[in-house]
**Student:** 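Just dropping this structure here.
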Amino acid sequence: MFTDKLQLLLVEDDLDLAIAVIEYLELEDILCDHAANGSAGLNLILHHHFDAVILDLNLPKMNGLQVCESLRLQGIDVPVLMLTARDTLDDKLNGFAKGADDYLVKPFAMEELIMRIRVLARRRSGQVRRLSVGDLVLDLQQKQASRGHCGLKLSPTALKILEVLMRASPNPVSREKLMQSVWGDEQPDSNSLKVHMFNLRKHLDGGKDIKLLHTISGHGFAIKLNQQDSQ
């Protein structure tokens, strides 16, 4: 579950190119799933965790722009590298507007693909507008959170903590990474995080049958639906 290998998804209908990319990624010790059309690719993204997605622009059933826009609207923040044969500024701006994080024009060198993917995989996408886990929703533009359509009164710090945890969901975030992400180098004492987590848990899970905020022994905290490995 906590493998160090990058796990990618390639959505590409050119099977010869797809095979070449996947084989090259294997040589770099990178795992890669494949979908041959946009609809299948979107379904995989919605149901599996990937560190990054390589998404062709021209795809059957759903094109790359439609896939990218759909996953962003649904709160999926996986980084997306768009593959395209078009090298105009308007095409790139359109792709970025739909939620792409980077572009690579065909034909491309495999070494450049690997470099760009490794950079993207270090972070989650900033293009997402809305995060959701179960009935928990965080509107990043309005800076508001709700659960079951009921607004949650959270402090700015609690909202930052919630965003970090939801972006990582269902994977856990360590205490150290959480504090660095929220406070940077000007970190308070460790009791501050404990108090904020207590209050966040009370607002999120108080009176709820399904708990979303879990303490994962040896790993930190996680927002997720299942309670396996939590305490």
Side-chain angles (χ1 to χ4, degrees), residues 1-11 25 28-33 35 41-55 68 71-81 99 101-102 117-140 145 147 152 154 157-184 187 190 193-194 196-198 200-201 203-205 208 210-231:
M1 180 178 179
F2 302 106
T3 177
D4 291 331
K5 290 185 178 181
L6 290 182
Q7 299 189 41
L8 309 181
L9 173 65
L10 172 63
V11 189
L25 291 172
E28 294 291 324
D29 206 24
I30 296 175
L31 304 175
C32 187
D33 285 337
L42 180 60
N43 185 62
L44 283 172
I45 296 169
L46 293 177
H47 293 93
H48 300 276
H49 171 80
F50 297 102
D51 294 300
V53 173
I54 305 169
L55 181 63
C68 202
L71 66 91
R72 294 302 184 228
L73 290 174
Q74 295 184 64
I76 308 298
D77 65 343
V78 60
V80 172
L81 173 65
D101 295 279
D102 198 3
I117 280 297
R118 289 194 186 279
V119 170
L120 281 180
R122 294 192 191 111
R123 59 180 173 85
R124 303 304 284 176
S125 176
Q127 295 276 16
V128 70
R129 307 163 200 171
R130 178 177 175 272
L131 301 173
S132 63
V133 178
D135 61 350
L136 173 64
V137 175
L138 176 59
D139 187 317
L140 296 173
R147 184 164 184 197
L152 302 175
L154 300 178
T157 299
L159 283 170
K160 289 181 182 178
I161 293 173
L162 183 61
E163 179 181 348
V164 173
L165 292 174
M166 291 184 73
R167 283 185 181 276
S169 179
N171 297 321
V173 179
S174 69
R175 288 171 172 81
E176 294 76 14
K177 183 175 181 180
L178 195 54
M179 293 188 69
Q180 181 64 38
S181 298
V182 175
W183 287 286
Q187 295 184 12
S190 59
L193 179 60
K194 186 181 297 185
H196 281 295
M197 295 304 299
F198 175 82
L200 183 58
R201 193 186 303 272
H203 282 92
L204 290 185
D205 293 336
K208 301 287 186 180
I210 298 176
K211 308 301 181 184
L212 293 179
L213 179 53
H214 305 282
T215 301
I216 312 298
S217 180
H219 294 283
F221 303 97
I223 294 283
K224 60 179 184 176
L225 286 170
N226 65 304
Q227 299 185 23
Q228 183 179 3
D229 300 327
S230 67
Q231 62 177 27

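What you are looking at is a predicted structure, and each value in this text was computed from that prediction instead of being measured. Note: hydrogens, waters and symmetry copies are ignored here, and every other heavy atom, side chains too, is used. Throughout, residue positions are numbered sequentially from 1 according to the sequence presented.
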**Student:** Which heavy atom in Leu178 sits nearest to a heavy atom in Met197, and how many Å separate them?
**Tutor:** CD2-SD, 4.0 Å

**Student:** Which one of Leu44, Ile45, Asn43 satisfies the side chain to side chain contact (heavy atoms under 4.5 Å, CB included) criterion with His47?
**Tutor:**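 Exactly one pass, corresponding to Asn43.
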
**Student:** Whether the side chain of Asp102 engages the backbone of Leu81 through a donor-acceptor N/O pair (distance < 3.5 Å, no angle test) should be reported.
**Tutor:** no

**Student:** Asp33 vs Phe50, test: side-chain contact (heavy atoms from CB on, under 4.5 Å). Steps then yes/no.
**Tutor:** CA-CA 9 Å; Asp33 285 337; Phe50 297 102; 3.5 Å; yes

**Student:** Using modelled atom types and a 3.5 Å cut-off, is there a donor and acceptor pairing between side-chain atoms of Arg147 and backbone atoms of Leu152?
**Tutor:**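 No, because the side chain of Arg147 does not come within donor-acceptor range (under 3.5 Å) of the backbone of Leu152.
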
**Student:** Calculate, to the nearest 0.5 Å, the distance between atoms CZ and NE2 belonging to Arg201 and His214 respectively.
**Tutor:** 8.5 Å

**Student:** Work out which heavy atom in Gly99 is nearest to a heavy atom in Cys68; give both atom names and the distance.
**Tutor:**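 In terms of heavy atoms, the two residues are closest at C-SG, 3.3 Å.
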
**Student:** Are the side chain of His49 and the backbone N or O of Pro170 linked by a donor-acceptor pair below 3.5 Å?
**Tutor:**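 Checked: no pair found.
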
**Student:** Can you give me the closest heavy-atom contact between Ala222 and Ile216, atom names plus distance?
**Tutor:**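 Scanning both residues completely, I find the closest heavy atoms to be CB-CG1, 3.9 Å.
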
**Student:** Would you sort out whether Leu9 and Val78 count as a side-chain contact (heavy atoms from CB on, under 4.5 Å), showing the intermediate values?
**Tutor:** CA-CA 10 Å; Leu9 173 65; Val78 60; over 6 Å; no

**Student:** Between Leu138 and Ala145, what is the shortest heavy-atom contact and its length?
**Tutor:**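 Between these two residues, the closest heavy atoms are CD1-CB, 4.0 Å.
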
**Student:** Does any non-hydrogen side-chain atom of Gln180 lie less than 4.5 Å from one of Val164?
**Tutor:**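 Side chain of Val164 against side chain of Gln180, heavy atoms only: no contact under 4.5 Å found.
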
**Student:** Is any side-chain heavy atom of Arg175 closer than 4.5 Å to a side-chain heavy atom of Thr215?
**Tutor:**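 With C-beta onward as the side chain, the pair touches.
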
**Student:** side-chain contact (heavy atoms from CB on, under 4.5 Å), that's the test. Do Leu225 and Leu212 meet it? Break it down for me.
**Tutor:** CA-CA 6 Å; Leu225 286 170; Leu212 293 179; 3.6 Å; yes

**Student:** Once rounded to the nearest 0.5 Å, what's the spacing between atom CG of Leu159 and atom CG of Leu154?
**Tutor:**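 Taking CG in Leu159 and CG in Leu154, the distance rounds to 5.0 Å.
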
**Student:** For His219 and Pro172, work out which heavy atoms get closest and say how close.
**Tutor:** CB-CG, 3.7 Å

**Student:** Looking at side-chain heavy atoms only, is the closest gap between Leu193 and Val182 below 4.5 Å?
**Tutor:**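 No - every pair of side-chain heavy atoms lies 4.5 Å or more apart.
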
**Student:** Counting neighbours of NZ on Lys177 that are heavy atoms of other residues, nucleotides or ligands and sit closer than 6.0 Å, is the number greater than 12?
**Tutor:**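 Counting other residues, nucleotides and ligands, NZ of Lys177 stays at 12 neighbours or fewer.
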
**Student:** A side-chain contact here means heavy atoms from C-beta on lying under 4.5 Å apart; do Leu162 and Leu131 qualify?
**Tutor:**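 Contact flag for Leu162/Leu131 side chains = no.
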
**Student:** Within the distance-only criterion (no hydrogens, no angle test), does the side chain of Asp51 pair as donor or acceptor with the backbone N or O of Gln7 below 3.5 angstrom?
**Tutor:**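 Yes, the answer is positive, given that a donor and an acceptor are paired below the 3.5 Å cut-off.
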
**Student:** Looking only at heavy atoms, what is the nearest atom pair of Lys224 and Val133, with distance?
**Tutor:** CA-CG1, 4.2 Å

**Student:** Could you tell me the separation between the CG atom of Leu55 and the CG atom of Leu71, rounded to the nearest 0.5 Å?
**Tutor:**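 If we round to the nearest 0.5 Å, Leu55:CG and Leu71:CG are 8.0 Å apart.
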
**Student:** Test of understanding: with side-chain contact (heavy atoms from CB on, under 4.5 Å), list the residues that count as partners of Arg118, not counting sequence neighbours.
**Tutor:**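 For Arg118, the residues satisfying side-chain contact (heavy atoms from CB on, under 4.5 Å) (neighbours in sequence not counted) are Leu6, Glu28, Ile30, Ile114.
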
**Student:** Taking it one step at a time, do Leu25 and Ile117 satisfy side-chain contact (heavy atoms from CB on, under 4.5 Å)?
**Tutor:** CA-CA 10 Å; Leu25 291 172; Ile117 280 297; 5.6 Å; no

**Student:** Distance check, rounded to the nearest 0.5 Å: Ile210 atom CD1 versus Leu136 atom CG?
**Tutor:** 12.0 Å

